[in-house]
Amino acid sequence: VKLLLDEPRFKDKIDVLQKNQFGRSALTEGFSSSNTKLVGHLLEHDSAEEERLIGGIKKEDVTNTNEADAALNEDGSVKSSETGSSATAQVVHEFDFLREESKMAGNGAQEDEETEDKKDMESSGDEGNTEAENKKTILIRELPIAHADDPFGAKPEEDTTGLGIWAASLVCARWMASEKIASRMEGKSVIDFGAGCGIPGLAVAFHSKAKSVLITDLNPLTVKNAQYNIDLNKDRVDSPENWCERVTAATINWDDESTWPKEKVDYIVCSDCIYQASIVPMLQKVIVGLLKPEGCFFYVCPEGGRDGLPEFIKVMSTSGFQ
């Protein structure tokens, strides 16, 4: 597969996101194979660029100004920036992380229907919108990354990259939403580290019966936006009455144990959080410190281009992770 993807003659002819007649793409098949190296090769191809991974998903422009420094009210709504400018641009995305599986299920149902007589098919006409009504989509508000010329800031808490949506979080969310992973989360406690907009954590909450999901970050604006996204989806779930108790957002400083939850958790989810080697000891410390002995850590990131990633893989391996 890698040889084909890297072959110059096929550079402009291969599209790993192109779907066949069954609604499945090369990337879909890659995920289904559970072969992480294969998925990595597919995601590194030019046709899997970030804009296209997000593309095709419903977007709602809430406001449209050029101000880049977002500031939020206590309820998470956007207010004038700290520089005194008007409200910043914000976009609400609608994600369906099970769309490929839904299409496959739909194809199977269609084949089954062909065995029924015409009368039975006509009598079910009123149910034509059932799938659409039951489809679980997640709303995510994305804000412009503040101080785009220096988004990481001078201190960790000044990092505003979590206000935007990153491709790794979408890949992680799709992984978490899959039946194979979601079924493991039933009755379990989950933390999403460096969650940004909260996409992976919300995917866990939506598509599994996890007992609790804690969506965390360090930057105050990012945490407020994550909480806003939790509230944005509370009326879109099967059991909205306990949604806000089951799914919460909080500030966690990996290097400050006083900010950590008091109880250890069953699962930790994290996507593309290593971009500086100096972060490695802190992330390793909090993972080992908060994960139950029998717990599991899920991590998604690009295969390369991240300072400290080789060191992170090595230190996690020495800590018993695979």
Side-chain angles (χ1 to χ4, degrees), residues 36-37 39-41 43-44 50 145-173 175-176 181 189-201 204 213-223 226 249-322:
T36 55
K37 287 187 177 180
V39 173
H41 295 325
L43 286 173
E44 288 171 358
E50 186 167 343
I145 296 174
H147 317 295
D149 56 334
D150 184 22
F152 298 113
K155 297 180 290 186
E157 59 267 27
E158 296 175 356
D159 184 347
T160 61
T161 56
L163 295 174
I165 292 176
W166 296 84
S169 69
L170 300 177
V171 174
C172 186
W175 190 18
M176 296 300 103
I181 300 299
S189 53
V190 183
I191 289 183
D192 187 355
F193 278 159
C197 296
I199 302 176
V204 171
V213 179
L214 180 60
I215 296 174
T216 71
D217 214 294
L218 183 58
N219 179 269
L221 295 181
T222 303
V223 175
T251 299
I252 286 184
N253 184 336
W254 299 341
D255 203 32
D256 182 358
E257 294 187 31
S258 68
T259 68
W260 297 3
K262 302 304 180 184
E263 297 183 2
K264 294 190 176 186
V265 298
D266 299 293
Y267 291 99
I268 294 176
V269 179
C270 190
S271 56
D272 204 9
C273 285
I274 294 295
Y275 47 85
Q276 295 174 337
S278 60
I279 298 175
V280 172
M282 291 186 289
L283 184 53
Q284 188 265 351
K285 173 184 175 182
V286 72
I287 292 169
V288 173
L290 284 180
L291 196 62
K292 292 179 180 179
E294 69 280 9
C296 185
F297 171 59
F298 294 100
Y299 190 69
V300 174
C301 68
E303 189 172 28
R306 294 293 186 268
D307 180 38
L309 181 59
E311 292 87 344
F312 180 60
I313 294 174
K314 182 177 180 179
V315 74
M316 293 305 289
S317 296
T318 58
S319 299
F321 292 84
Q322 298 180 350

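Every heavy atom of this structure was used, including side-chain atoms; hydrogens, water molecules and symmetry mates were not.
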Across all chains, not counting sequence neighbours, the side-chain contact (heavy atoms from CB on, under 4.5 Å) partners of N253 are L218, D255, D256, T259
Interatomic distance, CG@L221 vs OG1@T160, rounded to 0.5 Å, equals 8.0 Å
Sorted by chain and number, sequence neighbours left out, side-chain hydrogen bond (donor to acceptor under 3.5 Å, both in side chains) with D217 holds for none
Taken in chain and number order and not counting sequence neighbours, the residues that satisfy side-chain contact (heavy atoms from CB on, under 4.5 Å) with A168 are S271, D272, V300
Rounded to the nearest 0.5 angstrom, the SG-CD1 distance for C296 and I268 is 10.0 Å
Residue pairs passing the side chain to side chain donor-acceptor pair (under 3.5 Å) test with at least one member in residues 311-322, sequence neighbours excluded, are Q284-S319
Output for pair (E263 CD, L290 CG), nearest 0.5 Å, gives 11.0 Å
Residues A195 and I215: closest non-hydrogen pair is CB-CG2, 3.4 Å
With sequence neighbours left out, the residues meeting side-chain hydrogen bond (donor to acceptor under 3.5 Å, both in side chains) with D266 are S189, K292
Sequence neighbours excluded, the answer for side-chain hydrogen bond (donor to acceptor under 3.5 Å, both in side chains) partners of D307 is none
Residues at least two apart in sequence or cross-chain that pass ring-ring contact (aromatic ring centres under 6.0 Å, His included) with Y299, listed by chain then number, are F297, F312
Donor-acceptor pair, distance only, cut-off 3.5 Å: does the side chain of W254 make one with the backbone of W260? no
The single option from I191, V190, I199 that satisfies side-chain contact (heavy atoms from CB on, under 4.5 Å) with V204 is V190
Between C273 and I279 the two heavy atoms that sit nearest each other are O-CD1, 3.9 Å
* Worked check of side-chain hydrogen bond (donor to acceptor under 3.5 Å, both in side chains) between Y275 and D159 -> CA-CA 12 Å; Y275 47 85; D159 184 347; 2.5 Å; yes
One should read off an interatomic distance between I181 CD1 and W175 CH2, to the nearest 0.5 angstrom, of 6.0 Å
Nearest heavy-atom approach of R306 to P310 is O-CD, 4.1 Å
Criterion side chain to side chain contact (heavy atoms under 4.5 Å, CB included) on V269 and M176, from CA distance to verdict:
CA-CA 9 Å; V269 179; M176 296 300 103; 3.8 Å; yes
Nearest heavy-atom contact between L214 and A249 is CD1-C, 4.3 Å
Shortest non-hydrogen pair, D192 vs G201, comes out as OD2-N, 2.9 Å
So CD1 of I274 and SG of C301: to nearest 0.5 Å the spacing works out to 8.5 Å
